[in-house]
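Contents: one structure, followed by commentary.
As the structure is a prediction and not an experimental result, all values here were calculated from the model.
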Amino acid sequence: FKHTELWGYAIWAFVTNFLVFAALALALYLSFDTLVAKLTPASLPGWLSWLKGALPWVMGCVVLVLAATIGLFLFTVIGNAIAGPFLEAMTSKMLVQLGEPAPPKRNFANALGRSLLNQGFKFLVFGTIQVALLSCLLIPPISFLHPFISGAITVFFLALECWDYPLEG
């Protein structure tokens, strides 16, 4: 609460992330029934007929889990890319307050472009690693390790999102 001049940057970063989150939540809300209907098969084999009433609920849970996972990545990548210029300006101001030399000034468009490029590169590296990890599923003795390794790498990349701007400064 000591440095009130930084609040504006933090508020703008929060507002942009909140708007991105609200847009993703609204998109899920508006398309939820359609997604569940597309994933639910029209007919089931006879031995699965007992599942007919519960299948839409099961598919609804699948859609929610998928939407939460995909939304988390979209939220972090898009939210950080859009809020990047505000966070970069805040980091620059904090460095000056600490007595460090200020990084070169960038206008909003340059900062946004740099942020989009950084986020895109991280997303490309993450996707490449995850696709490469899919090969673990082809090797039976180690296929059970895939979810654990994939989850650990996902957590690592999500942690990188929190450290992105302090490490750049």
Side-chain angles (χ1 to χ4, degrees), residues 7-88 90 108-109 111-140 142-166:
W7 289 8
Y9 299 113
I11 289 170
W12 276 110
F14 174 78
V15 167
T16 55
N17 277 307
F18 180 77
L19 291 175
V20 168
F21 179 76
L24 289 172
L26 181 65
L28 175 64
Y29 176 75
L30 294 175
S31 62
F32 185 77
D33 291 335
T34 306
L35 289 172
V36 171
K38 285 186 179 188
L39 287 175
T40 306
S43 63
L44 295 171
W47 61 279
L48 285 178
S49 60
W50 61 273
L51 193 57
K52 186 123 178 112
L55 194 57
W57 290 95
V58 171
M59 287 304 178
C61 291
V62 168
V63 167
L64 283 177
V65 168
L66 285 174
T69 305
I70 293 169
L72 179 66
F73 288 110
L74 285 176
F75 177 66
T76 56
V77 170
I78 294 171
N80 276 342
I82 294 172
F86 303 112
L87 295 172
E88 191 171 308
M90 184 171 69
F108 188 80
L112 182 63
R114 181 172 177 230
S115 183
L116 286 171
L117 188 66
N118 285 346
Q119 293 296 325
F121 179 72
K122 283 193 287 187
F123 196 66
L124 180 68
V125 170
F126 174 75
T128 304
I129 291 171
Q130 290 293 352
V131 168
L133 277 176
L134 286 174
S135 64
C136 288
L137 294 174
L138 301 174
I139 306 167
I142 63 168
S143 63
F144 73 94
L145 292 175
H146 175 266
F148 303 110
I149 297 170
S150 181
I153 288 174
T154 301
V155 168
F156 173 75
F157 271 85
L158 286 174
L160 278 182
E161 292 296 323
C162 297
W163 284 96
D164 196 18
Y165 295 99

Problem - 4.5 Å side-chain heavy-atom contact, Phe121 and Leu117 - result: no

Fill in the blank from the handout: OG (Ser31) and CG (Leu26) are apart, to the nearest 0.5 Å, by 9.0 Å

Handout entry: Test item: Thr128 and Val131 side chains (from C-beta on) under 4.5 Å apart, heavy atoms
Key = no

Handout entry: CZ/Phe32: more than 12 non-hydrogen atoms of other groups inside 6.0 Å
Key = yes

Fill in the blank from the handout: Rounded to the nearest 0.5 angstrom, the CE-CG distance for Met59 and Leu64 is 13.0 Å

Practice task
Answer whether the closest heavy-atom distance between the side chains of Leu35 and Leu66 falls below 4.5 Å.
Solution key: no

Exercise for the section: State whether the side chain of Ser150 and the backbone N or O of Pro147 hold a donor-acceptor pair below 3.5 Å, judged by distance alone. Expected result: no

Problem - From CG (Leu138) to NE2 (His146), nearest 0.5 Å - result: 10.0 Å

Handout entry: Atom pair CD1/CD1 of Ile129 and Ile149 - distance to nearest 0.5 Å
Key = 12.0 Å

Handout entry: Nearest-0.5 Å distance that lies between atom CZ in Phe126 and atom CD1 in Ile153
Key = 8.0 Å

Completion exercise
Rounded to the nearest 0.5 Å, the OG atom of Ser135 sits from the CG atom of Leu133 at a distance of 7.0 Å

